*Asks:* 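Let me give you the structure first, and then I'll get to my questions.
Remember, it's a predicted structure, so these values are computed and weren't measured experimentally. Protein chains get the first letters and strands the later ones, always in sequence-line order, with residue 1 at the start of each.
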Amino acid sequence: MLAYIMRRLGILLVILFGSSFILFNLAAISGDPLADLRISKDPNAKQQMAVLIRDLHLNVPPPIRYFLWLKGILGGLVGNLDFGKARDGQLVSTSIASAIPVTLRLISMATFTAIILGITIGIVTALRQYSRFDYAMTFVSFLLFSLPIFWVAVLLKEFMAIQFNNFLREPTVAPPWLIGLSLFSGIFWSAVIGGTRKRVWIVFGFAASISAALLTFLSLSKWFLNPGFGPITLLLIYIGVAFGVTQLSVGLNSRAALKSSLTMAALGIVFYFPVQKIFMAENKLLFFPLLVLVTIGLAVGVSFIFAKIDRGPTIRTTVISAAIMGLLMIIDKLMHTWKPYMENDAINARPVPTIGQTNALLEPGNYWLSTLDIVMHLILPTIALTAISFAGYIRYSRGTLLEVLNQDYIRTARAKGLTERTVIMRHAFRNTLIPLTTIIVVDIAGIVGGAIITERVFGWRGMGTLFNDAINRFDLNLLMGVFFLTASLAVLANLVADLLYSALDPRIRVNTQ
Amino acid sequence: MTKSRVLRGAIAALAATGLVTGAIMAPAKAATRTTVVIVESNAFTSLNPSQADSNLVINSDIAYLTSMGFNYYNDKFQLVRNTKFGTYKIVSQSPFKVEWHINPGRVWSDGTPITAHDLLINQMTASSAYSKAAGLGDPANTDVTPAFNSLGYTGLYDTQVTNVSITPDRLGVVITYKSVNPDYELIGPSVFPVHTLVALAAGEKKLGTPSHNVALKNKFLTAYTTKDTATLKKYGKIWSESYLMTSVDAKTNPLLLVGNGAYQVDSAVKDQRVTLVLNPRYNSGEPTSGITKIVMNTITDGPAGIQALANGEVDVWAGQATADGKAALSKIAGVTVKGYATLSYEHTDVRMGDGPGEKDNYTGIFAPGTTAASQAKAKDLRTAYFLAFPREEIVEKVWKPIGEASAPWDSLNYPPSSPNYAKIIAANGTAMYREGTQASRTADALALVKKYYPTTSAANPTVKLKILWGQPSNTRRISEAAIIKAGLAKAGFDADLTPTTNWSAFISQNKWDAMFGGYGISAVLQKGLTDTWQSGIGQDMGYSNDKVDAAVLALSGAKLSDEKVYANYLTVEKEVYGDAATMNITMWPGVSAAVNTLQNFKPSPLTPEVLWNFWEWKF
């Protein structure tokens with residue numbers, strides 16, 4: 001095992017060396033960093049050229065200049081890593097260090113949403129193979145997958161920001177929208193739930209009329225100006241969560257799990273008002289982790305009361321339910337922050353932004369306003385990135401689950417009389433996750449590479465922007481810095497994925513020779 | 001700090017009272033805004049834009065808001081004197097001396113009076129002679145960085161200024177220039193808070209008292225006059241390195257933020273924005289009209305900036321003009337879009353001789369050769385090229401969608417808005433490019449070409465022509481190239497229009513017969529653009545004409561009357577057009593936009609474009 005890892009690492013170094021040498025030289029001969037200055041009428045052009053030649057060693061031929069660069073990288077071995085200076089005079093390492101958090105914030109959210117959403121839809125489509133829902137989701141996901149992101153971004157900004165903000169001036173849902181959204185909801189739910197023709201129509205009718213009623217209520221009550229669940233709605237949602245999580249996790253037959261989840265739902269409402277106080281507490285660094293610990297502690301305690309034997313599954317179920325409920329409570333709090341947020345001078349009643357990471361004029365100091373501000377700035381890029389990337393996860397999880405469902409042990413499981421829930425969730429779903437793990441690992445490593453176009457259109461300056469700037473300005477040091485980091489992570493992620501695969505799937509062993 | 005905060009608070013309170021009164025009188029609700037958010041396409045990197053690395057638009061814009069000098073350009077290309085700050089006048093013609101004098105009582109944002117000491121910085125940042133004499137390094141030597149790592153050393157100040165002396169009242173300097181210079185107003189001293197340099201070099205972290213700062217100023221003056229290399233090098237290190245920053249917060253040394261402009265940097269978030277607030281002690285220029293805060297938001301993507309404007313996230317948009325951008329801006333309700341001609345322009349030149357420093361000789365179809373017959377042939381072919389050049393179609397299809405007023409430009413110096421424009425185009429020999437229709441001009445061109453290449457025709461063009469152009473990513477140029485190829489083919493030219501990245505590096509090479517591209521201008525000088533046609537190293541296309549050289553020389557000497565300037569311009573244009581050396585296509589249209597509640601938004605084609613009259617802005 002150790003020998004295998006060492007050998008792989010050795011190969012990685014060779015790959016990194018080779019690729020960086022090729023890229024460095026290709027980049028160096030592809031453009032002239034002094035092009036702008038050569039035609040400039042600026043009286044200082046000659047001076048600027050001299051400075052650049054001096055700083056960037058432009059008088060050294062690229063293959064040799066590469067080793068000057070490599071010397072800085074190898075300095076890392078003795079704790080003196082030097083990526084050199086970019087053309088704007090900043091150290092490349094400084095630029096990268098400040099770009100990484102931006103990129104992580106932008107893309108992690110979208111990647112995780114895409115993974116969760118993609119896998120969920122993939123599984124549902126696999127279970128409803130060749131149904132209308134399957135075809136519809138396949139069509140929609142591929143449609144989104146093939147859309148150019150800059151265009152998606154422009155449309156999102158136009159309709160979900162500019163138009164939605166205009167809508168908020170007089171937040172009444174117009175009848176065509178009302179009818180359209182209700183019909184869509186009806187079609188969606190009837191396709192997901194499926195069944196006989198009669199059942200499809202019943203589901204369609206229910207979903208459409210409930211949506212219509214809900215939208216009318218939200219519209220008439222000006223809910224969009226002052227949204228929020230409130231304790232009663234929240235209780236209903238909590239009960240739904242308790243049933244849903246229990247069904248997926250252990251099945252509704254497990255009375256202990258259901259009872260403890262429902263107890264958590266009740267506790268959530270009982271503590272609703274005290275928690276609101278804690279949300280407003282001054283010392284958030286102390287109270288928030290405490291709140292999380294107390295919630296988990298409560299969930300475990302409640303499970304202990306209800307479950308006498310085989311406590312594990314019950315505890316798991318209750319903790320998951322509690323976590324979702326906690327998240328809903330935070331969302332509720334953010335919704336209640338919406339009204340003051342909109343009324344803030346900096347927001348000026350246009351809460352959905354199209355650009356940037358935070359509002360330039362919002363005074364810092366109010367934790368919830370700032371949090372909502374960050375969330376609002378994340379919404380559009382996250383939707384855009386999720387929309388174009390979740391198709392892959394749908395296809396992978398759908399394909400894998402279908403393959404697993406055809407395995408002999410699934411037939412055996414069904415033959416033993418296990419419930420369909422147990423067969424799918426415990427036998428099939430877990431094995432579906434093994435191949436997905438490797439894809440996810442590589443994708444997560446790819447996050448650091450940034451998203452050139454998304455960052456640009458949403459005005460976030462992360463790794464993608466650095467890379468783009470480096471190419472446009474023929475900024476070799478910056479380009480190589482970004483490349484070196486992303487390339488190293490990519491090859492490392494592949495190694496980790498291989499190791500993880502063998503750890504998860506006992507049938508696979510890494511080659512130790 | 002506390003003091004300035006109290007002051008700032010008082011001003012805010014006063015402003016608020018004023019606004020409340022205003023609100024009672026005026027029914028408009030929007031009158032309460034006092035913040036302007038501006039789109040910038042770069043990210044902030046330095047408070048000192050006078051270095052090669054930091055010479056970015058956003059850094060220069062910040063410098064424009066935070067420091068005031070003797071003059072500025074308005075939106076009509078005129079250099080306006082800032083008499084609130086100081087005055088200047090010629091005190092001697094021979095030798096040519098100008099006295100630059102600061103009005104008494106001007107102060108820096110820390111309360112220190114502005115004096116002659118503060119006008120000496122150019123000696124270190126723009127004078128090679130002083131830099132060498134003081135042992136600060138020879139800026140011409142590319143192997144060693146000078147102590148003040150400035151990009152000013154090859155500017156006019158370096159070649160023109162021979163001596164600087166302080167006036168007895170210590171509020172001004174008298175600068176001696178090498179010769180009478182018509183554009184001396186552009187070669188004045190910049191103002192810089194030298195006491196902060198001394199304080200920073202001594203490791204100080206707080207703003208000093210005015211009396212302490214005056215002592216520091218004298219310390220600077222001593223180092224300057226005695227050319228104290230070691231001390232000046234310390235100042236140089238501060239000047240070159242300490243102002244490089246990407247964020248500004250409470251930890252930033254306040255000494256770095258001292259300025260004499262209307263605004264001062266309050267905070268900067270790396271890669272996102274810079275916030276400037278009023279400088280309560282500002283008295284170096286026109287008083288501001290009610291904007292208390294200016295935020296520069298970095299948005300690199302043009303369309304994204306336009307949508308941010310549509311969504312009310314920014315108030316002012318300025319950026320590269322495109323047809324789509326123009327169309328998108330025009331559709332936004334509540335936004336004023338301003339179109340104007342910039343001073344940059346699109347043009348096409350033909351090769352007239354060997355490029356400077358080229359080893360081979362130019363042998364293409366425009367090569368003049370040595371005999372009279374070969375020279376006549378080359379000129380006919382060049383004339384044919386310009387006659388057939390589909391300039392109107394390019395302007396119509398490529399430039400009009402961006403700026404409706406775009407039109408072919410037929411002068412080398414006067415913009416179409418100039419009162420002299422009509423006069424000069426009637427006399428400079430460009431009439432033949434306007435007479436008749438493009439079809440008739442192309443027919444004339446084909447006849448000229450057929451004189452030497454009888455077999456060529458519009459259907460089967462055979463006269464090979466290599467045209468240099470660049471930036472294949474620029475869609476405007478791609479459209480132009482297609483139009484040019486089709487247009488020239490009708491006159492029998494088979495133009496090779498393969499685009500070249502890096503094209504500028506090839507501009508002097510002899511393998512090209514012609515080129516088309518843009519030209520950017522940042523200052524208005526008496527010689528206009530005539531020196532583009534001066535013989536020698538700057539003339540990439542190998543043009544050389546004694547009459548032109550003489551006229552350029554005359555324009556570079558003493559300040560001339562408008563008539564004399566016109567006469568010299570005409571000489572140059574007559575010669576250059578007469579030699580069939582060039583044709584200008586059009587001036588680039590510029591587009592900026594602002595919410596229409598922002599008053600006095602009058603973008604200028606010259607840097608700092610939209611910001612030039614920030615003090616007149618109000619909601």
*Asks:* Mind checking side chain to side chain donor-acceptor pair (under 3.5 Å) for A:Asn25 and listing every partner two or more places apart, or none if nothing turns up?
*Replies:*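 Not a single residue meets the side chain to side chain donor-acceptor pair (under 3.5 Å) criterion with A:Asn25.
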*Asks:* Could you look at B:Asp271 and say if it's the side chain, the backbone, both or neither that has a heavy atom under 4.5 Å from chain A?
*Replies:* both
*Asks:* Considering only heavy atoms, which portion of A:Asn359 lies under 4.5 Å from any heavy atom of chain B: side chain, backbone, both, or neither?
*Replies:* backbone
*Asks:* What part of A:Thr465 lies closer than 4.5 angstrom to a heavy atom of chain B: side chain, backbone, both or neither?
*Replies:* neither
*Asks:* Taking side chain as everything from C-beta outward and backbone as N, CA, C, O, which of these in B:Gln307 sits under 4.5 Å from a heavy atom of chain A? Side chain, backbone, both or neither.
*Replies:*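 The answer is both parts of B:Gln307.
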*Asks:* Check whether any side-chain heavy atom of B:Val36 sits under 4.5 Å from a side-chain heavy atom of B:Val295, and report yes or no.
*Replies:*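 No, side chains not in contact.
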*Asks:* If you measure from the Lys or Arg side-chain nitrogens to the Asp or Glu carboxylate oxygens, is any gap between B:Arg477 and B:Glu346 under 4.0 Å?
*Replies:*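 Yes.
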*Asks:* Using non-hydrogen atoms only, which part of A:Arg350 is less than 4.5 Å away from chain B: side chain, backbone, both, or neither?
*Replies:*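 When you check distances to chain B, only side chain atoms of A:Arg350 fall under 4.5 Å.
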*Asks:* Using a 4.5 angstrom heavy-atom cutoff, name the option from A:Ala99, A:Ser98, A:Ala153, A:Ala86 with the most pairs to chain B.
*Replies:*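 When all of A:Ala99, A:Ser98, A:Ala153, A:Ala86 are compared, A:Ser98 has the most.
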*Asks:* Which atoms of A:Glu455 come close to chain B, meaning under 4.5 Å heavy atom to heavy atom: side chain ones, backbone ones, both, or neither?
*Replies:* neither
*Asks:* Under a 4.5 Å heavy-atom cut-off, does chain B meet the side chain of A:Val102, its backbone, both or neither?
*Replies:*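 A:Val102 has no heavy atom closer than 4.5 Å to chain B.
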*Asks:* Measure B:Ser150 against the heavy atoms of chain A and call it side chain, backbone, both or neither at under 4.5 Å.
*Replies:*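 Backbone only.
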*Asks:* Pair A:Phe467, A:Phe483 - check ring pair (Phe, Tyr, Trp, His ring centres under 6.0 Å), show working.
*Replies:* CA-CA 8 Å; A:Phe467 190 67; A:Phe483 165 80; 8.3 Å; no
*Asks:* Please give me the minimum heavy-atom distance between B:Thr298 and B:Asn42, naming the atom from each residue.
*Replies:*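 In terms of heavy atoms, the two residues are closest at OG1-O, 2.9 Å.
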*Asks:* Can you list everything that forms a side chain to side chain donor-acceptor pair (under 3.5 Å) with A:Asn344? Sequence neighbours excluded, please.
*Replies:*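 Side chain to side chain donor-acceptor pair (under 3.5 Å) check on A:Asn344 returns nothing, list empty.
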*Asks:* So A:Trp69 and A:Phe24, would you call those rings parallel, tilted or perpendicular, with 30° and 60° as cut-offs?
*Replies:* tilted
